[in-house]
Amino acid sequence: MLFTPKGSFIFNRLTLSMDQERYNAREAEPKWQKIWEDAALFQTGNGDSRPKYYVLEMFPYPSGRIHMGHVRNYTMGDVIARYKRAKGFGVLHPMGWDAFGMPAENAAMQNKSHPAEWTYANIATMRAQLKSMGLSLDWSREIATCDVAYYRHEQRLFLDLLDHGFAYRKQSKVNWDPVDCTVLANEQVIDGRGWRSGALVEQRELTQWFLKIGAFADDLLSGLDTLTRWPEKVRLMQANWIGRSEGLLVRFALAPVQTSQESDSVSDAVSEVEVYTTRPDTLFGAKFIAIAADHPLAAACAENNPELADFIAECRRMGTSVAVLETAEKKGYDTGLRVHHPFDENWLLPVYVANFVLMDYGTGAIFGCPAHDQRDLDFANAYGLGNQPVVCPPDQDPATFVITDKAYDGDGTLIHSRFLDGMTIPAAKEAVAKRLEEQTLGNAPQAQRKINFRLRDWGISRQRYWGCPIPIIHCEDCGIVPVPRADLPVVLPKDVSFDEPGNPLDRHPTWKYVACPQCGKAARRETDTMDTFVDSSWYFTRFTDPWNAGDPTTPEAIAHWLPVDQYIGGIEHAILHLLYARFFTRAMQATGQMGEVREPFAGLFTQGMVVHETYRDKAGAWVNPGQLRFETQGNERRAFLLDSGEEVAIGPIEKMSKSKRNTVDPDEIISTYGADTARWFVLTGSPPERDVIWTEEGVQGASKFVQRLWRLVGELMQAAGSEEPAEPAVFGPAASAIRKASHGALIKVESDIERLHFNTAIATIHDLANKLSASIGAIESEEIGADVRFACREAASILIRLFAPMMPHLAEECWAAASFAGLAAQMPWPDADPSLVVEDEMTLPVQVNGRKRADLTIAREASEAEIQAAAAALEAVQKALEGKPVKKIIVVPRRIVNVVA
RNA sequence: GCGGGCGUGGCGGAACUGGUAGACGCGCCGGACUCAAAAUCCGGUUCUGGUGACAGAGUGUCGGUUCGAUUCCGACCGCCCGCACCA
């Protein structure tokens, strides 16, 4: 007898290594990793003729060690890569390092070493960690952005962008991070603080390099519609960030002023104020004009008005902190200037300098319509300017409709607006635009239609050492001179010091002094380096041909591999990285480096974080879970310190962070349980886009399941015998049940992985294991015929391949132990036979008035009438009807029967 | 304030276009094996009532559409995320 009645297995010592009762991950994992590597299994050449599939996970910053978030991110990518490979695709699955950035400089300051040393040491550590995870990566394509071999091409791309007018220099107000001593892009300022340092950002006036992302604002917006495999949320966030608005530029003529001599001199020099508005329909509700503190007109008025100058200075001070802006009151200062209403020469509007008007949006000037804009209303109420409703809501009487402290911005009909009265808002907008376009002020139309964007151009200058040098030379005679392409790369000097603040490149004794390439005179190099987001804006294209030494990209490789079919990363890059990469794709297309590719990432997936409970001792100090012992009583859990026995408080579940001491080290997990257990865990429990809670019980559960699969495959192969039988013509009930379970699970897992529902794919594999265990446990040895042997062998072969993308090492060990040919990693995805899942009879739930009362088992081919008759005849149905007559019986084929009384 | 998302057992979650709510896992309870423990295996586990077959309630709350609603619509409550003087 092969099986004991309870199904526990007696191992046959003759069957290969299956006599091991336990699967030893620590031995097996490095063994298979080496076999894969020696066979160069995951290297994909550019001449591959299979249909292509490009899987990419956001490459990591080499901060020191990988964390659980990396494990989750890269496991998901690896499941897809391995699955697609099994499905017959030529899979490109590369890895690299986002290796420039501030932390390396901070480390250099602390350790008195060089950023390169720290960075490359971290890369070596993290590469080894990633390799221990058993990822199917093509390491032959590895890149690090801090390698000259990479950033030389970035300098070339910069020069291409410069030639095409996509890079330019301008003086502007910038976000200055006083801790990192560098400039930040708007996207890098979060709640008024630097995204890395957390320092309150200040405004400074500096000359900076900009990339013209604004040139593609419209295209970046409309392109979002084509990204159907992106999360709706990310597309929406980008659309809001780009912030397109359609409006009108309207010029208001300045009226001569009698009251104030100072203002009078201004109105002599300047004749008009131009405003930008998206609500030209409310022009007859206008009560004032407001200009920004930085508006040239404000500066002109302030020249002879110290009080106004003070007010402007106050506005500027406030502008340095977003936190203050949020709570700031609407404040203004009357310049004394007046303008004529465009439709009525006798109607004068006061011109205020206002703290809520921004110079860098629109024209830095607005007209205020208090009745229909809350901000304008707050201002008007503060300065007693009154309001005039000009849009009447549908349910209000125009005669009595008034606004007091809540502006109305909804739909309605125009009132008190002369020639606009009775119009809808869109009609009124059109009418105003048309009339003002035809009307002239000076010698030009008084108004002009204008589409505006919130998106600002991307400032890329950083006053840091550890970044890609901007290949520019400043010559006193020739001005800005690009480094000739033949002289590239501009290499970072090695001999730099970090013992004082500021930019080491700037204070290097020799590096910046060069001869001007044009006139040969003494000149200086640009000492700013590029924002590290430039590095990550094109790395996905470099992966397609990282061996090309002469050019950043290779047209054939781009055409073959791009776009990335599935990109995986954190939601935190929804705007920053993902928008920049989309911009670079367009800009590089314009410079001829991107072929016909319009969007870099056809499919995007944003995975959730790995979170963990937090613990605090009596003193309130955070405690690491490794120091704790847990007790459970019923549904209550308590935690105690291992050494002292002191009880600690179990706190909320939060993102793993060193400061809260709730991190779990991947290395420890891998050395204790193996990579497969870690990989399995991060996919289980919650859907991939949601956070997953790390628990010790969960890891142990995953580890137990690894062992269970190992035993189950052994049992299946024991039943299957060592000889591979031909497929029998007839299968008995036991064999049929096994085949039905295997093929049913296969169909489900396949569709789950295709939809990236890894958690339900795993549930299905659990379910299959349960079913197979039950089947095998129920079979007596004398029943094992050719059909059962065939079904068990088939089940083992399917089962192993189903979990192979998630637990590749265990799959190889099982595959080999089962004496199947080749490597599991090379096996094609099994073909499902849907006919095996179909049953002759089906069981339909039967409802009475929408409530389930019975089950009806009936032939699959039964007609609707037969089903109706059989359902009505059921005892439970009759009972539930309580004698009431049946009105109708609804039959939804293969789904349900509902008897309506 | 604006925009978006989410509320399902003790817990994580499942339920594809409206069709058996609670798959699968964790935890818990009971049992087998064992001198004992671990490991493993078997059974139970939404709530209420009943020894029981069974009956009633049930997917944040209230209403609507439908033969039928976790799923669609409306209002409200709660939580999470993004943006925020953008004219």
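Per chain, numbering begins at 1; letters A, B, ... match sequence-line order.
OP1 or OP2 of B:C86 lies within a sub-4.0 Å distance of a side-chain N or O belonging to A:R375. An OP1 or OP2 oxygen of B:A87 is reached within less than 4.0 angstrom by no side-chain nitrogen or oxygen of A:Y276. Listed pair A:R456 / B:C86 fails the phosphate criterion, with no side-chain N or O lying under 4.0 Å from OP1 or OP2. Put simply, A:R711 has no side-chain N or O that comes within less than 4.0 Å of OP1 or OP2 on B:U40.
Along RNA chain B, the nucleotide closest to A:D376 and the one closest to A:S773 are compared, and the more 5′ of them pairs with A:S773. RNA chain B is contacted by both A:A365 and A:P687; A:P687 maps to the nucleotide lying nearer its 5′ end (nearest heavy atom per residue).
At a non-hydrogen distance threshold of 4.0 Å, A:L236, A:M237 from residues 235-244 of chain A come into contact with RNA chain B.
Residue pairs meeting the side-chain hydrogen bond (donor to acceptor under 3.5 Å, both in side chains) criterion with at least one partner in residues 888-898 of chain A, sequence neighbours excluded, do not occur; the list is empty. Within the structure, salt bridge (Lys or Arg N to Asp or Glu O under 4.0 Å) contacts touching residues 686-706 of chain A (residues at least two apart or in different chains) do not occur.
Taking atom C1' in both B:U59 and B:A14, one finds a spacing of 12 Å when rounded to whole Å. With both ends at atom P, the span from B:A75 to B:G25 equals 41 Å, rounded to whole Å.
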Which donor-acceptor pairs under 3.5 Å do side chains of residues 362-374 of chain A form with protein atoms, sequence neighbours excluded?
from, atom 1, to, atom 2, distance (Å)
A:T363, OG1, A:E274, O, 2.7
A:T363, OG1, A:A365, N, 3.4
A:T363, OG1, A:A365, O, 3.3
A:H372, ND1, A:Y408, O, 2.8
A:H372, NE2, A:V390, N, 2.9
A:H372, NE2, A:V391, N, 3.0
A:D373, OD1, A:R375, N, 2.9
A:D373, OD1, A:D376, N, 3.1
A:D373, OD2, A:R375, NH2, 3.3
A:Q374, OE1, A:A407, N, 2.9
A:Q374, NE2, A:D378, OD1, 3.1
A:Q374, NE2, A:D405, O, 3.2

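Among residues two or more places apart in sequence or in another chain, the side chain to side chain donor-acceptor pair (under 3.5 Å) test is passed with A:H577 by A:Y567. Considering only residues two or more places apart in sequence or on other chains, A:S245 meets the side chain to side chain donor-acceptor pair (under 3.5 Å) condition with A:Y276, A:Y361. In this view, A:Y352 and A:F379, A:Y383 satisfy the ring-ring contact (aromatic ring centres under 6.0 Å, His included) rule, not counting sequence neighbours. Among residues two or more places apart in sequence or in another chain, the side-chain contact (heavy atoms from CB on, under 4.5 Å) test is passed with A:I653 by A:V611, A:E613, A:I693.
Closest to the side chain of A:N355, from the set B:G13, B:C85, B:C81, is B:C85.
Whole-Å rounding puts the A:I571 CD1 to B:C80 C1' distance at 13 Å.
A salt bridge is defined here as a Lys NZ or Arg NE, NH1 or NH2 lying under 4.0 Å from an Asp or Glu carboxylate O, and A:E750 with A:K748 fails to meet this definition. The pair A:K331-A:E314 counts as a salt bridge, with a side-chain nitrogen and a carboxylate oxygen less than 4.0 angstrom apart.
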Just the atom pairs and distances: protein N or O near nucleotides 67-72 of chain B's N or O, under 3.5 Å.
from, atom 1, to, atom 2, distance (Å)
B:C67, O2', A:N898, ND2, 3.4
B:C67, O2, A:N898, ND2, 2.5

Which pairs, protein N/O on one side and nucleotides 23-26 of chain B N/O on the other, fall under 3.5 Å?
from, atom 1, to, atom 2, distance (Å)
B:G25, OP1, A:N770, ND2, 3.3

For nucleotides 52-54 of chain B, list the nitrogen or oxygen atoms of the protein found under 3.5 Å from its nitrogen or oxygen atoms, one pair per line.
none

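A glycosidic torsion no more than 90° from 0 defines the syn conformation; B:G60 lies beyond that range and is anti.
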Read 5' to 3' with Watson-Crick or G-U pairs under 3.5 Å, [ ] for crossing pairs and | for partners on another strand, RNA chain B gives (((((((..(((......[....)))((((((.......))))))((((....))))..(((((..]....))))))))))))....
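Nucleic acid contact for A:R853: sugar-phosphate only, since backbone atoms but no base atoms lie under 4.0 Å from a heavy atom of the residue. A:V357 comes within 4.0 angstrom of a nucleotide base, judged by non-hydrogen atoms across all strands.
Each of A:T282, A:T277, A:D281 was checked for a side chain to side chain donor-acceptor pair (under 3.5 Å) with A:R279, and the lone residue meeting it is A:D281.
Here the CG atom belonging to A:D676 is positioned 10.0 Å from the CG atom belonging to A:L709, to the nearest 0.5 angstrom.
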